[in-house]
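Following: one structure in structure tokens, then a few remarks.
Please read these numbers as outputs of a predicted model, since none were measured by experiment. All values below were derived from every heavy atom in this structure, side-chain atoms included, with hydrogens, water molecules and symmetry-related copies excluded. In this chain, residues are counted from 1 in sequence order.
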Amino acid sequence: MTKPEHPRDAERISRRRFLMQLAQAGAAIGAASLATYYFYDPVGPTGQMSAPPLTQLPDFSIADLRGKMAIAQGSKREKSLEAALESLGGISRFVSRGDVVLIKVNAAFASPAMLGATTHPDLVRAIVTLCRKAGAREVRVADNPINDPESCFRLSGVGAAAEEAGARLILPRPNAFRQLTLEKGQLIRNWPVMTAALDGATKVIGVTPVKDHNRAGASMTMKNWYGLLGGRRNTFHQDIHTIITELAMLMRPTFVVLDGTTVMVSNGPTGGSTADLREANTLVVSTDQVAADAFGATLLGRTVSDLPYLARAEAAGCGTTNFNSLNPIRVEV
């Protein structure tokens with residue numbers, strides 16, 4: 001006959017089971033945390049990298065088109081884009097048959113286009129279409145959003161617009177990043193950059209709205225490259241003007257499109273109400289991203305001195321804050 005289990009024995013067994021289950025749960029959580037740590041930190045938990053870090057991205061600018069700028073006035077983004085590009089010689093001056101084009105959008109937030117926090121889908125559709133008409137072999141659209149990527153691309157309308165126009169959408173998967181140490185950089189050192197979007201690309205176009213920004217003062221074309229960074233990039237907000245300067249040093253685009261058709265004048269960069277917006281009906285195409293942003297500041301009622309990263313980027317040789325020195329072509333649509 002089996003001896004009845006003593007109450008204290010049962011208590012010890014129950015406690016042991018509880019501790020075992022707790023340890024198993026802790027191990028599972030630890031494994032998940034380790035994976036998260038590896039994905040978001042500049043290097044893995046061992047401190048080792050699978051490949052030596054990059055020191056610079058390719059130069060995607062076109063030598064004889066540097067320092068060009070067009071400002072279009074109109075309420076229709078597609079028509080403003082076409083008019084601005086035509087005044088600079090047309091899309092075929094920038095994109096050639098066989099090119100692989102990356103369009104770096106701002107799809108940072110899961111919000112509809114009407115709130116102005118993200119690149120407008122009409123503009124995405126228009127520029128993808130133009131690149132394909134110019135003979136681009138492949139057009140890619142990419143960003144590393146702050147919110148859930150799939151939700152951001154869906155709710156902003158950017159994803160559908162890109163795919164409808166024939167572009168390939170590139171999402172920030174863990175294997176899409178590679179470490180990069182920017183030469184002369186203070187912050188971008190051994191930091192994950194979304195190089196999968198750039199692999200094999202021959203042209204890069206940045207497309208972003210004009211927005212107020214609670215830390216930087218304004219979010220425009222140079223700040224848009226922030227969406228190529230991985231890691232715990234929110235730490236860079238402690239030195240926002242330096243990181244924007246380094247992003248301008250990092251990326252030398254073919255041209256940028258700054259959309260001031262609707263401008264977010266307050267509560268940026270997320271906004272959340274149409275009360276934060278005003279119609280400026282202005283769109284800029286420029287091969288000088290510093291000049292584009294210096295002009296964009298005027299749409300927000302700000303000056304170059306209000307945005308320290310502009311002068312810093314100019315000093316770093318990324319462009320000029322004196323956009324008028326480029327003799328921008330002005331067109332009305």
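Looking at Thr129 and Ile127, their side chains never come closer than 4.5 Å, going by heavy atoms from C-beta outward. A 4.5 Å side-chain heavy-atom check between Phe109 and Ile146 finds at least one atom pair inside the cut-off. The closest side-chain heavy-atom distance from Ile329 to Met69 is not below 4.5 Å. Contact of the Val204 side chain with the Val101 side chain is not registered, since no non-hydrogen atoms from C-beta on lie closer than 4.5 Å. Within the 4.5 Å cutoff, the side chain of Ser156 has no heavy atoms near those of the Pro145 side chain. Side-chain contact check for Phe153 versus Thr118: every heavy-atom pair is 4.5 Å or farther apart. Asn214 has its side chain within reach of Pro269: a pair of non-hydrogen atoms, C-beta onward, lies under 4.5 Å apart. Looking at heavy atoms from C-beta onward, Arg312 lies in side-chain contact with Thr242 at the 4.5 angstrom threshold.
In the hydrophobic cluster analysis, where Ile, Leu, Val, Met, Phe, Trp and Tyr join through side-chain heavy atoms closer than 4.5 angstrom, Leu258 is grouped apart from Val128. Residues Leu81 and Val207 share a hydrophobic cluster, clusters being chains of Ile/Leu/Val/Met/Phe/Trp/Tyr side chains in contact below 4.5 Å. In the hydrophobic cluster analysis, where Ile, Leu, Val, Met, Phe, Trp and Tyr join through side-chain heavy atoms closer than 4.5 angstrom, Leu155 is grouped apart from Leu169. Hydrophobic cluster membership is shared by Leu299 and Phe323, with clusters built from Ile, Leu, Val, Met, Phe, Trp and Tyr side chains linked at under 4.5 angstrom. Clustering ILVMFWY residues whenever any of their side-chain heavy atoms sit less than 4.5 angstrom apart, transitively, puts Phe94 in the very cluster that holds Val124.
Under the rule for a side-chain contact (heavy atoms from CB on, under 4.5 Å), the partners of Asp288 that lie at least two apart in sequence or sit in another chain are Ser286, Val290, Ala291, Thr320, Leu326. Every residue two or more places apart in sequence or in another chain that forms a side-chain contact (heavy atoms from CB on, under 4.5 Å) with Val265 is listed here: Val263, Arg278, Leu300.
Between Phe177 and Trp191, the ring centre distance reaches or exceeds 6.0 Å.
Counting only residues at least two apart or on different chains, the salt bridge (Lys or Arg N to Asp or Glu O under 4.0 Å) pairs with a member in residues 208-223 are Asp212-Arg302. Contacts classified as side-chain hydrogen bond (donor to acceptor under 3.5 Å, both in side chains) and involving residues 243-256 (residues at least two apart or in different chains) are not found. Applying the salt bridge (Lys or Arg N to Asp or Glu O under 4.0 Å) test to every pair with at least one member in residues 318-333, sequence neighbours left out, gives no pairs at all. Sorted by first and then second residue, the pairs that involve residues 86-111 and meet salt bridge (Lys or Arg N to Asp or Glu O under 4.0 Å), not counting sequence neighbours, are Asp99-Lys203, Lys104-Asp143.
For the residue pair Met220 and Ala218, the shortest heavy atom distance occurs at CE-CB, 3.8 Å. Taking both residues in full, the closest heavy atoms of Met194 and Ala142 are given as CE-CB, 4.2 Å, listed atom of the first, atom of the second, then distance. The two residues Val210 and Gly260 make their nearest non-hydrogen contact at CG2-CA, 3.9 Å. Among all heavy-atom pairs drawn from Cys152 and Asn147, the shortest one is SG-CB, 3.4 Å. The nearest pair of heavy atoms linking Lys68 to Asp64 is CE-O, 4.2 Å. Pro328 and Ile71 get closest at one heavy-atom pair: CB-CD1, 4.0 Å.
A donor-acceptor contact closer than 3.5 angstrom is absent between the side chains of Asn190 and Thr181. Side-chain polar atoms of Thr262 and Glu279 form a donor-acceptor pair below 3.5 angstrom. When only modelled atom types and interatomic distance are considered, Asn224 and Thr221 share no side-chain donor-acceptor pair under 3.5 Å. Judged by distance alone, the side chains of Asp276 and Ser266 do bring a donor and an acceptor atom under 3.5 Å apart. With no hydrogens or angles considered, no side-chain donor-acceptor pair links Arg66 and Thr287 at under 3.5 Å.
Using cut-offs of 30° and 60° on the angle between ring planes, the pair His237 and Tyr226 is parallel.
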Residue pair Thr119, Asn106: steps toward the side-chain hydrogen bond (donor to acceptor under 3.5 Å, both in side chains) verdict
CA-CA 5 Å; Thr119 302; Asn106 183 335; 5.6 Å; no
Pair Ile205, Cys131 - check side-chain contact (heavy atoms from CB on, under 4.5 Å), show working.
CA-CA 10 Å; Ile205 302 167; Cys131 289; 3.9 Å; yes
Check against side-chain contact (heavy atoms from CB on, under 4.5 Å), Leu180 and Leu57:
CA-CA 9 Å; Leu180 185 147; Leu57 297 178; 3.7 Å; yes
Please step through side-chain contact (heavy atoms from CB on, under 4.5 Å) for the pair Leu307 and His213, ending with a clear verdict.
CA-CA 11 Å; Leu307 308 173; His213 194 283; over 6 Å; no
Show your reasoning for whether side-chain contact (heavy atoms from CB on, under 4.5 Å) applies to Leu123 and Glu78.
CA-CA 6 Å; Leu123 196 52; Glu78 310 95 307; over 6 Å; no
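Judged by distance alone, with hydrogens and angles left aside, the side-chain atoms of Gln56 form a donor-acceptor pair with the main-chain N or O of Leu250 at under 3.5 Å. Listed for the Gln73 side chain is a donor-acceptor partner under 3.5 Å among the backbone atoms of Asn281. Checking side-chain atoms of Thr298 against main-chain N and O of Gly296 turns up no donor-acceptor pair under 3.5 Å. Judged by distance alone, the side chain of Ser273 and the main-chain N or O of Ala275 form a donor-acceptor pair under 3.5 Å.
Atom CZ of residue Arg77 and atom NE2 of residue His120 lie 4.0 Å apart, to the nearest 0.5 angstrom. Once rounded to the nearest 0.5 Å, the distance linking CG of Leu54 with CG of Leu198 reads 10.0 Å. Separating the CZ atom in Arg178 from the CG atom in Asp199 is a distance of 8.5 Å, to the nearest 0.5 Å. Considering OG1 of Thr261 and CG of Asp259, their distance stands at 3.5 Å, rounded to 0.5 Å. In this structure, CE in Met222 is found 12.0 Å from CE in Met249, a value given to the nearest 0.5 Å. With rounding to the nearest 0.5 angstrom, the CD1 atom of Ile244 is 8.5 Å from the CG atom of Leu310.
The existence of a salt bridge linking Glu138 and Arg140 is confirmed by a sub-4.0 Å separation between a basic side-chain nitrogen and an acidic carboxylate oxygen.
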